[in-house]
Amino acid sequence: MAVFKSIFFLLLLDICKCAIPGTFWHITDQHWDPTYELGSKPEAVCASSGQRPAVNPGPFGDYVCDSPWHLINSSVYSMKQIMPDPDFILWTGDDTPHVPDQDLGVEKVLHIVRNLTHIIKKVFPDTKVYSALGNHDYQPKSQFPASSSYIYHQIAEMWSDWLEPSSQVTFKKGGYYTERLLNRIGYRIMVLNTNLYYDQNKLTDNMEDPADQFHWAEQVLTDAAHNKERVYIIGHVPPGFFEKKRSKPWFRPEFNQRYVDMVQKHHPVIQGQFFGHHHTDSFRMFYDSEDHPISTMFLSPGVTPWKTTLPGVTDGANNPGIRSIEYDTQTLLVQDLVTYYLNLTRSNLGRGGWEKEYRLTESFRVPDASPGSMHWVLQRMAGDRCYLQKYYDFNSVSYDLSECDAACRVDHVCAARAVEFDGYRDCVDEEGAGVVHGASTAVLISMAISMFWWSW
Ligand SMILES: *[C@@H]1O[C@H](CO)[C@@H](O)[C@H](O)[C@H]1NC(C)=O
Ligand SMILES: *[C@@H]1O[C@H](CO)[C@@H](O)[C@H](O)[C@H]1NC(C)=O
Ligand SMILES: *[C@@H]1O[C@H](CO)[C@@H](O)[C@H](O)[C@H]1NC(C)=O
Ligand SMILES: [Zn+2]
Ligand SMILES: [Zn+2]
């Protein structure tokens with residue numbers, strides 16, 4: 001089947017130089033909680049709630065809990081039902097529950113990663129999967145070493161069907177790898193272990209280039225340019241800031257800057273970046289020195305509905321989400337995103353299942369998901385409250401439908417606009433000031449434009 005598909009593909013490429021659409025899945029942050037059990041008292045439904053009461057527990061989970069197996073299972077089978085034969089699957093990690101390290105242990109972590117690997121393989125036996133480690137896929141969590149380790153080795157073995165031999169080598173050394181995308185000449189994927197840059201990782205504190213990953217990645221991108229390749233980059237922890245909490249980055253400052261420099265230098269070959277970790281649905285823009293949009297990082301929503309305990313975030317839960325991505329197989333340009341979700345409340349009542357939440361081009365009125373279009377989306381979010389609200393509803397996968405107020409607007413606009421630390425600070429200053437001085441006019445004008453747009 002796969003062979004026929006590639007032959008068909010090559011034939012098509014030969015006769016027609018037009019765009020040939022392809023699709024793939026991006027799933028992330030499943031966070032399976034094996035302790036989830038109905039019938040217990042609210043504080044004891046799941047270990048990941050950390051004693052917070054589960055007020056509406058059902059077969060698909062509860063907003064204070066990580067995923068029960070039933071939710072994981074239903075997400076993978078619904079992927080199969082919605083799009084049974086994707087070109088490939090991106091899986092960006094975080095498989096284990098939010099519980100203290102001492103409640104897991106190395107073997108438990110590996111066991112959970114193995115179970116999730118198993119179900120994806122079982123349901124998609126012939127599909128190539130590109131898989132990145134999340135900060136929860138280690139023990140102790142987030143403490144990824146800059147050299148080879150037992151866990152890197154074990155997971156490389158577990159994923160050996162998905163990894164080329166050369167990928168296995170680098171994965172065992174530092175949890176990262178690169179391969180030709182679907183083994184096609186001219187196309188490449190680079191899977192990063194950005195957990196090495198996470199400020200919670202004590203093992204890489206004071207290191208200049210942990211596991212040599214930046215040096216390696218820059219070489220991969222340089223070679224890609226020489227070989228006229230187009231590249232997708234995937235990883236778990238993203239650079240830049242969390243949009244639900246003001247001034248909250250994940251990377252250490254030097255690592256954040258080096259990542260931005262890398263994208264600015266190599267953007268002509270980078271056709272898309274796909275990350276997770278936030279559990280929310282958002283995106284990050286990268287600009288060149290003249291402020292032209294050069295690249296977009298898409299942050300896909302998580303499968304777990306788990307309400308974050310991060311101080312300063314109120315009601316940070318989400319509905320479970322999965323995402324399909326439509327792309328031009330010749331340029332790797334991202335054409336569209338379709339997000340599917342489960343209304344957890346409704347599904348627990350037996351009145352719903354996985355359904356389409358939205359399609360980017362329809363809901364945001366753009367022709368595609370190119371950096372230019374995503375820049376336009378961002379500018380419109382900054383100036384048009386209705387448009388911003390739509391983005392905000394989707395940000396929590398239609399869980400939090402409350403109003404995105406002035407402070408919320410700054411949080412979301414600046415996180416999407418500025419991945420660099422200085423740029424983010426400037427954005428917060430400018431946009432924050434804008435709220436007091438000039439926003440109402442800007443909002444009125446863009447509302448007028450938007451009304452025109454919709455009626456047209
Ligand atoms: C997983 O979902 C499939 C499809 O709905 C179902 O047939 C199967 O019994 C489920 N397995 C478990 C363990 O829930
Ligand atoms: C997880 O894997 C173990 C074996 O490693 C197996 O016994 C167990 O049934 C699996 N659990 C699920 C829910 O698939
Ligand atoms: C989810 O379902 C609940 C219960 O039926 C409903 O009140 C809520 O409006 C639904 N949310 C969305 C976004 O449809
Ligand atoms: Zn996560
Ligand atoms: Zn994470």
Side-chain angles (χ1 to χ4, degrees), residues 28-37 48 56 58 60 63 66-77 91-98 107-123 132-138 141-144 154 158 193-201 235-238 242 248 250-251 275-281 299-306 308-310 316-321 339-358 363 389-390 392-402:
T28 194
D29 295 88
Q30 282 109 325
H31 291 281
W32 176 31
D33 186 345
T35 69
Y36 187 93
E37 207 173 332
S48 48
N56 243 325
F60 291 95
Y63 289 112
D66 276 321
S67 307
W69 186 258
H70 188 65
L71 174 60
I72 307 252
N73 186 70
S74 87
S75 70
V76 181
Y77 277 95
W91 178 23
T92 52
D94 265 5
D95 306 347
T96 74
H98 295 84
E107 292 308 323
K108 194 77 188 284
V109 166
L110 290 173
H111 168 90
I112 289 173
V113 177
R114 191 171 289 120
N115 277 115
L116 293 192
T117 302
H118 180 248
I119 189 172
I120 293 169
K121 249 191 224 175
K122 189 172 99 182
V123 178
L133 292 167
N135 58 299
H136 282 268
D137 306 328
Y138 215 84
K141 67 171 74 77
S142 307
Q143 305 311 306
F144 288 75
Q154 291 297 306
M158 218 184 280
N193 179 10
T194 52
N195 304 296
L196 296 167
Y197 310 138
Y198 193 13
D199 61 10
Q200 301 296 304
N201 186 346
H236 178 73
V237 182
F242 190 29
K248 168 65 187 148
W250 311 105
F251 280 25
F275 282 65
H277 184 64
H278 285 199
H279 302 186
T280 51
D281 178 350
L299 304 175
S300 292
V303 170
T304 184
W306 185 79
T308 184
T309 51
L310 197 65
N318 55 279
N319 279 311
T339 307
Y340 297 86
Y341 85 120
L342 193 74
N343 179 331
L344 188 60
T345 315
R346 195 157 58 210
S347 301
N348 277 339
L349 296 169
R351 286 200 256 115
W354 289 88
E355 56 187 302
K356 179 174 136 187
E357 185 192 22
Y358 76 100
S363 292
Q389 188 62 42
K390 192 182 327 202
Y392 185 77
D393 293 349
F394 294 147
N395 179 249
S396 63
V397 200
S398 302
Y399 165 78
D400 174 7
L401 306 178
S402 66

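In listed order, ligands and their atoms are each counted from 1.
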Novice: Does Arg114 come within less than 4.0 angstrom of ligand 2, counting non-hydrogen atoms of the residue?
Specialist: no
Novice: Pick whichever of Asn115, Thr117, Ile119 has a heavy atom sitting closest to atom 1 (C) of ligand 2.
Specialist: Asn115
Novice: So, does Trp306 use its side chain to make a donor-acceptor pair with the main chain of His98 at under 3.5 Å?
Specialist: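 Not confirmed, Trp306 side chain does not pair with His98 backbone.
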Novice: Cut-off 3.5 Å, side chains only: do Gln30 and Ser75 have a donor facing an acceptor?
Specialist: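 No pair is found: no donor N or O on one side chain lies under 3.5 Å from an acceptor on the other.
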Novice: Any heavy-atom pair between the side chains of Ser300 and Thr92 that's under 4.5 Å?
Specialist: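 Of all side-chain heavy-atom pairs linking Ser300 with Thr92, none is under 4.5 Å.
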Novice: May I ask you to list the atoms of ligand 3 that are less than 4.0 angstrom from any heavy atom of Ser398?
Specialist: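 This gives 13 (C) as the contact atoms.
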Novice: Roughly how far, to the nearest 0.5 Å, is CD1 of Ile112 from NE2 of His136?
Specialist: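 These two atoms lie 11.5 Å from each other.
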Novice: Indicate whether any N or O donor in one side chain lies under 3.5 Å from an N or O acceptor in the other, for His236 and Asn195.
Specialist: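 Short answer, no.
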Novice: Ignoring hydrogens and angles, state whether a donor on the side chain of Asp281 or Tyr358 is under 3.5 Å from an acceptor on the partner side chain.
Specialist: yes
Novice: Consider ring pair (Phe, Tyr, Trp, His ring centres under 6.0 Å). Of Tyr63, Tyr341, Tyr392, Phe394, which one does Tyr399 pass it with?
Specialist: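 The passing option is Tyr63.
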Novice: Any N/O/S atom, side chain or main chain, of Asp94 closer to the Zn ion (ligand 5) than 2.8 Å?
Specialist: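 Short answer: yes, at least one N, O or S atom is under the cut-off.
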Novice: Taking N, O or S atoms only and a limit of 2.8 Å, check whether His136 reaches the Zn ion (ligand 5).
Specialist: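 It does not: His136 brings no N, O or S atom closer than 2.8 Å to the Zn ion (ligand 5).
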Novice: Without hydrogens or angle criteria, can the side chains of Thr304 and Asp29 be said to hold a donor-acceptor pair below 3.5 Å?
Specialist: no
Novice: Distance below 4.0 Å between atom 9 (O) of ligand 2 and any protein heavy atom?
Specialist: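 Not a single protein heavy atom is under 4.0 Å away.
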Novice: Who's the nearest protein heavy-atom neighbour of atom 6 (C) of ligand 3, and how far?
Specialist: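 Atom 6 (C) of ligand 3 sits closest to the protein heavy atom Asn343 ND2, 4.2 Å.
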Novice: Please tell me if atom 14 (O) of ligand 3 is touched by the protein, where touching means a protein heavy-atom distance below 4.0 Å.
Specialist: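 Protein heavy atoms within 4.0 Å of atom 14 (O) of ligand 3 - there is at least one.
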Novice: What do you get for the angle at the Zn ion (ligand 5) between ND1 on His277 and OD1 on Asn135, to the nearest 10 degrees?
Specialist: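 If I round to 10°, I get 100°.
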Novice: Which is the closest N/O/S atom of His236 when seen from the Zn ion (ligand 5)?
Specialist: NE2
Novice: Among all protein non-hydrogen atoms, which one is nearest to atom 4 (C) of ligand 2, and what is the separation to 0.1 Å?
Specialist: His111 CE1, 4.2 Å
Novice: Under 4.0 Å, heavy-atom basis, I'd like to know which part of Tyr399 is in contact with ligand 3: side chain, backbone, both or neither.
Specialist: neither
